[in-house]
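What follows is a set of notes on a single structure, which appears directly below.
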Amino acid sequence: MNSFDMEQLRSFVTAVDAGSLTAAAPLRCLSQSALSEQLRKLELRANQTLLLRSKSGVIPTAAGEKLLQHARHLLALADLAWRDLQGVTLNGEVRLGITDYCRPADMVTILARFARDYPHLRLRTMMGKSRDIENAWQQGEIDLAIVMRIPGIHPPVSNSRETLLLREHMMWVGNTPTSQHEPLPLALLPEGCSLHQLACHTLKQHQRSYLIRHIASGVRGLQTALVAGLGVACLNQSAIPAELQHRSESLGLPSLPLAEFVLLRGPEDSSETSKTCVAFGEILHSTLSGMT
DNA sequence: GACATTGGCATCGGCGTGGA
DNA sequence: TCCACGCCGATGCCAATGTC
């Protein structure tokens with residue numbers, strides 16, 4: 001049989017995200033043994049080993065990584081189809097805040113697709129620094145927020161109103177020559193920016209001298225400064241300008257943690273606005289977590 | 001270093017359910 | 001009624017970690 005069982009795919013994605021079958025089982029409302037069995041059958045169906053099992057959990061194999069991408073898309077599509085069949089039409093207004101580090105090249109396309117798929121939804125978007133977005137969310141000025149969190153700088157996802165959407169590698173990028181003997185020229189966003197803090201903190205920790213040579217007002221400006229050779233910055237993968245993709249990771253600088261993008265939801269109640277926000281939050285989740 | 005504990009996954013037998 | 005299927009709980013195995 002050369003097709004996939006959606007439940008098995010859902011279990012597979014949950015297991016990869018949770019990092020172990022034991023952690024994934026309760027999320028799927030299954031026992032560990034049932035989940036293990038589902039994944040065994042999925043591997044049988046795929047005729048490939050999809051997960052490497054170890055005492056510390058599971059990680060996807062190369063084939064597993066490949067299937068993971070397809071599985072996320074299939075599940076997002078299935079959810080969309082289900083909502084469509086149930087007649088779930090989104091209307092009303094949703095105020096959405098997005099950090100401008102989150103998929104800057106794709107975000108316009110994503111928002112345009114939402115506008116096309118949900119014509120009755122009035123989407124008010126705000127893009128900016130994670131701290132500003134989160135403050136606005138806490139003040140109730142926006143309904144949903146996508147913010148960036150850096151392990152070690154920010155606390156981990158800790159409550160039911162926060163959902164991890166995706167993780168991205170972070171790299172040092174720049175178009176300027178660097179020398180171990182001279183302070184590293186940095187191009188950064190202002191001090192409140194998480195990546196500003198991360199860059200300075202990491203370099204101090206490794207006793208690497210640096211000099212802040214350029215402060216940009218936004219990610220777009222920072223990208224321009226990097227391409228122009230005004231300095232070096234640490235950026236998440238999707239925010240690295242295309243011109244510099246090939247120049248990352250060759251600067252001999254300390255390694256960086258993964259960046260985490262987290263969806264913040266508002267409190268739920270029985271109002272139409274709340275229902276719309278919940279449904280749109282799910283769509284955002286399935287759309288962005290399906291991207292790699 | 002030896003042993004105990006912990007925490008991971010795989011396997012097995014039994015049970016409930018739904019379809020032929 | 002039988003059978004296939006999916007699930008659960010129990011159990012076993014194994015490696016990492018903690019304790020003495």
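Quick note on labels: first sequence line is chain A, next is B, and so on, each numbered from 1.
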(message) At a heavy-atom distance below 4.0 Å, what parts of residues 9-16 of chain A sit against DNA chain B?
(response) none

(message) Considering only residues two or more places apart or on different chains, which pairs with a residue in residues 165-179 of chain A satisfy salt bridge (Lys or Arg N to Asp or Glu O under 4.0 Å)?
(response) A:Arg103-A:Glu168, A:Arg167-A:Glu260

(message) Please enumerate all residues that pass salt bridge (charged side-chain N to carboxylate O under 4.0 Å, His left out) together with A:Arg124, with sequence neighbours excluded.
(response) A:Glu93

(message) Using five base pairs at each end to define the local axes, how bent is the helix from B:dG1-C:dC20 to B:dA20-C:dT1, to the nearest 10°?
(response) 10°

(message) Applying side-chain hydrogen bond (donor to acceptor under 3.5 Å, both in side chains), can you list everything that pairs with A:Gln32, at least two apart in sequence or on another chain?
(response) none

(request) For A:Tyr210, enumerate each residue passing the ring pair (Phe, Tyr, Trp, His ring centres under 6.0 Å) test, keeping only those at least two apart in sequence or located in another chain. (result) none

(request) Take the protein atom CG of A:Leu52 and the nucleotide atom P of C:dA15, then report the distance between them rounded to whole Å. (result) 16 Å

(message) If the threshold is 4.0 Å, N to carboxylate O, is there a salt bridge linking A:Arg53 and A:Glu43?
(response) yes

(request) Measure the spacing between CZ of A:Arg95 and SG of A:Cys277 and express it to the nearest 0.5 Å. (result) 7.5 Å

(message) Going by the rule side-chain contact (heavy atoms from CB on, under 4.5 Å), which residues pair with A:Ser11 if we only count those two or more places apart in sequence or in a different chain?
(response) A:Arg28, A:Leu30, A:Leu35, A:Gln38, A:Leu39

(request) Taking side-chain contact (heavy atoms from CB on, under 4.5 Å) as the test, write out the residues that go with A:Ala136, two or more places apart. (result) A:Met126, A:Glu141, A:Ile142

(request) Name all residues meeting the side-chain hydrogen bond (donor to acceptor under 3.5 Å, both in side chains) criterion together with A:Ser54; count only those two or more places apart in sequence or in a different chain, and write none if there are none. (result) A:Ser56

(message) Protein within reach of the bases, or only the backbone? For nucleotides 7-14 of chain C, mark each nucleotide 5' to 3' as B, S or -, using heavy atoms under 4.0 Å.
(response) SBBB---B

(message) Of all nucleotides in DNA chain B that come within under 4.0 Å of a heavy atom of chain A, which is furthest toward the 5' end and which toward the 3' end?
(response) B:dG7 to B:dT11

(message) Counting only side-chain nitrogens and oxygens, does A:Lys41 get under 4.0 Å of the OP1 or OP2 atom of C:dG6?
(response) yes

(request) Output all residues satisfying side-chain contact (heavy atoms from CB on, under 4.5 Å) with A:Ala115, sequence neighbours left out; order by chain, then residue number. (result) none

(request) Specify the separation, in whole Å, of atom CD of A:Glu7 and atom C1' of C:dC5. (result) 14 Å

(message) Quick check on A:His169: does its NE2 atom have over 12 non-hydrogen neighbours (other residues, nucleotides or ligands) under 6.0 Å away?
(response) no

(request) Find the distance between CD1 (A:Ile133) and CD1 (A:Ile98) and round it off to the nearest 0.5 Å. (result) 7.5 Å

(message) Would you say the ring centers of A:Tyr101 and A:Phe261 fall short of 6.0 Å from each other?
(response) no

